[in-house]
2 protein chains.
Amino acid sequence: MALSAEKLTNNQQTVLDLLEKSKEPLKAYAILYDTQKKGIKAPLQVYRALDKLIEIGKVHKIESRNSYIACEHKNCNSSTSTSFLICETCDQVSELTQKNLPSYFAKQSEQADFKYAKHNLEIYGVCKDCSKSLVVGGKIDH
Amino acid sequence: MALSAEKLTNNQQTVLDLLEKSKEPLKAYAILYDTQKKGIKAPLQVYRALDKLIEIGKVHKIESRNSYIACEHKNCNSSTSTSFLICETCDQVSELTQKNLPSYFAKQSEQADFKYAKHNLEIYGVCKDCSKSLVVGGKIDH
DNA sequence: TAAAAAATGTTATAATATAACATATCAAAT
DNA sequence: ATTTGATATGTTATATTATAACATTTTTTA
């Protein structure tokens with residue numbers, strides 16, 4: 001069965017729904033807390049759902065933040081490489097959808113005699129919205 | 001005082017020495033264990049030394065592995081951006097020294113109206129040595 | 001040498017993640 | 001429809017990674 005056609009179980013759907021509604025990445029224990037009413041009671045239930053969702057590409061982990069985000073792409077089945085833009089001001093995260101990154105990295109790796117398989121890229125900076133309010137307001141509002 | 005001229009304290013030097021001798025990235029509690037004989041007794045002593053070493057660019061954290069590696073570059077004072085090649089076969093890690101990565105990422109980010117500040121890149125694949133032994137031996141020796 | 005800044009030592013605890021195992025559910029192929 | 005094998009669940013316990021809080025000491029700077 002193709003990954004993209006895979007039917008989710010209750011726990012998996014519960015976790016995915018929450019992540020898709022969220023504006024920001026969520027941490028595992030935040031997910032646990034927010035899904036108690038849906039019957040998820042233990043960390044393992046969250047981690048197992050996350051593992052599966054990551055495997056089928058519906059969710060990505062942001063390693064440097066220990067947090068999880070729903071994939072923005074329809075029918076994404078790339079569980080492998082990820083590229084994020086992380087705003088240091090508001091903590092919002094978006095995916096960098098650059099199709100040529102893998103081949104670029106493959107080329108860079110090759111120069112070090114390294115065979116590229118996949119990557120995780122986390123770019124930190126200031127997002128559009130925060131950049132705007134910074135100019136308008138004159139200072140960052142934390 | 002310039003960061004590169006900074007003199008290290010005992011704990012900091014102990015942790016750095018260990019990391020520089022190591023062929024692979026080390027985890028914090030592995031560092032703790034290996035430095036007991038040098039007088040480091042508690043996790044906080046390790047984490048505090050690591051924090052400082054990271055701040056002055058002598059050590060980098062590999063986020064997806066929760067492990068730490070000494071910087072390969074002489075007089076590195078870049079505590080900001082990091083780029084690693086991580087071998088999935090032998091777990092060895094080397095730094096990708098590509099001076100134009102930041103400007104490349106800045107350009108990519110700009111297309112998403114995102115102001116690049118720094119990045120963390122973790123490329124997974126197979127290193128030169130493992131690639132070789134794979135061909136010669138016919139299979140991976142774990 | 002006094003004041004300020006940074007580092008230390010120590011105990012406790014927070015935050016993140018997995019082990020182990022018994023049970024249940026689902027999908028495919030008889 | 002029923003066995004079978006794979007996958008998911010529920011649960012308790014525990015491992016792993018990291019920080020809080022606070023008293024003390026050392027180092028740096030003025």
Side-chain angles (χ1 to χ4, degrees), chain A residues 1-19 22 24-69 79 91 120 122, chain B residues 1-19 22 24-69 79 91 120 122:
Chain A
M1 179 186 283
L3 287 180
S4 54
E6 200 134 11
K7 191 163 148 289
L8 300 180
T9 66
N10 281 348
N11 287 355
Q12 290 160 11
Q13 192 66 56
T14 297
V15 170
L16 181 58
D17 286 347
L18 180 65
L19 283 172
S22 175
E24 305 143 26
L26 296 178
K27 299 195 158 221
Y29 278 71
I31 295 171
L32 173 59
Y33 180 82
D34 287 346
T35 53
Q36 301 257 334
K37 65 196 73 165
K38 298 274 189 175
I40 289 183
K41 291 172 188 158
L44 248 195
Q45 294 175 287
V46 172
Y47 282 109
R48 286 202 279 226
L50 286 173
D51 283 349
K52 186 65 182 184
L53 291 166
I54 289 170
E55 186 190 330
I56 64 176
K58 296 286 189 190
V59 166
H60 305 308
K61 180 176 186 182
I62 299 163
E63 295 287 353
S64 66
R65 295 280 173 101
N66 297 318
S67 55
Y68 303 86
I69 189 173
S79 59
D91 286 328
N120 171 46
E122 302 178 359
Chain B
M1 177 187 285
L3 287 179
S4 54
E6 202 135 11
K7 193 164 148 287
L8 300 179
T9 65
N10 281 347
N11 288 355
Q12 291 159 11
Q13 192 65 56
T14 297
V15 170
L16 182 58
D17 285 347
L18 180 64
L19 282 172
S22 175
E24 305 143 26
L26 296 178
K27 300 196 156 217
Y29 279 71
I31 294 170
L32 173 59
Y33 181 83
D34 287 347
T35 53
Q36 301 258 335
K37 66 197 73 164
K38 300 274 189 174
I40 289 183
K41 291 172 188 159
L44 248 195
Q45 294 174 287
V46 173
Y47 283 107
R48 286 201 279 227
L50 286 173
D51 283 349
K52 186 66 183 182
L53 291 167
I54 289 170
E55 185 190 332
I56 64 176
K58 295 287 189 190
V59 166
H60 304 309
K61 178 176 185 182
I62 299 164
E63 294 286 354
S64 66
R65 296 278 175 100
N66 297 316
S67 55
Y68 304 86
I69 188 173
S79 59
D91 287 327
N120 172 46
E122 302 179 359

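A note on names: the letters A, B, ... follow the listed sequences, proteins ahead of strands, and every chain is numbered from 1.
In this structure, the CG atom of Leu8(A) is 16 Å from the P atom of dT7(D), given to the nearest Å. Look at CZ on Arg48(B): it is 12 Å from C1' on dT25(D), rounded to the nearest Å. The distance between atom CG of Leu44(A) and atom P of dA17(C), rounded to the nearest whole Å, is 12 Å. In this entry the distance linking CG of Asp51(A) with P of dA8(D) reads 10 Å, nearest Å. Rounded to whole Å, atom C1' of dA7(C) lies 15 Å from atom CG of Leu50(B). With rounding to whole Å, Leu32(B) atom CG is found 15 Å from dT19(D) atom C1'. A straight line from CG of Asn11(B) to P of dT25(D) spans 16 Å, rounded to a whole angstrom. Between Gln12(B) atom CD and dT8(C) atom P the separation is 5 Å, expressed in whole Å.
In summary, Arg65(B) and Asp91(B) engage in a salt bridge, as defined by a charged side-chain N under 4.0 Å from a carboxylate O.
Dashed line: the shortest gap from a side-chain N or O of Gln45(B) to OP1 or OP2 of dG9(C) is under 4.0 Å. For Lys41(A) and dG10(D), the shortest distance from a side-chain N or O to OP1 or OP2 is not below 4.0 Å. Not one side-chain nitrogen or oxygen of Asn10(B) sits closer than 4.0 Å to the OP1 or OP2 atom of dA7(C). Under 4.0 angstrom from either OP1 or OP2 of dT7(D) there lies no side-chain N or O belonging to Lys52(A). Dashed line: the shortest gap from a side-chain N or O of Thr9(A) to OP1 or OP2 of dC26(C) is not under 4.0 Å.
How far CD1 of Ile40(A) is from CZ of Arg48(A): 11.0 Å, rounded to the nearest 0.5 Å. In this structure, Ile69(B) CD1 and Leu19(B) CG are separated by 8.5 Å, a value rounded to the nearest 0.5 Å.
Between the Glu122(A) side chain and the Ile62(A) main chain, no donor and acceptor come within less than 3.5 Å of each other. Formation of a donor-acceptor pair under 3.5 Å by the Ser22(A) side chain with backbone atoms of Leu18(A) is not found in this model.
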Dump every N/O contact between nucleotides 15-18 of chain D and the protein below 3.5 Å, one line per pair.
residue, atom, partner, partner atom, Å
dT17(D), OP1, Lys27(B), NZ, 2.5
dA18(D), OP1, Lys61(B), NZ, 2.6
dA18(D), OP2, Tyr47(B), OH, 3.1
dA18(D), OP2, Tyr68(B), OH, 3.2
dA18(D), N7, Tyr29(B), OH, 2.8
dA18(D), N6, Tyr29(B), OH, 3.2

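For the residue pair Ser64(A) and Glu63(B), the shortest heavy atom distance occurs at CA-OE1, 3.5 Å. Pairing each heavy atom of Lys38(A) with each of Thr14(A), the nearest pair is CB-CG2, 3.6 Å.
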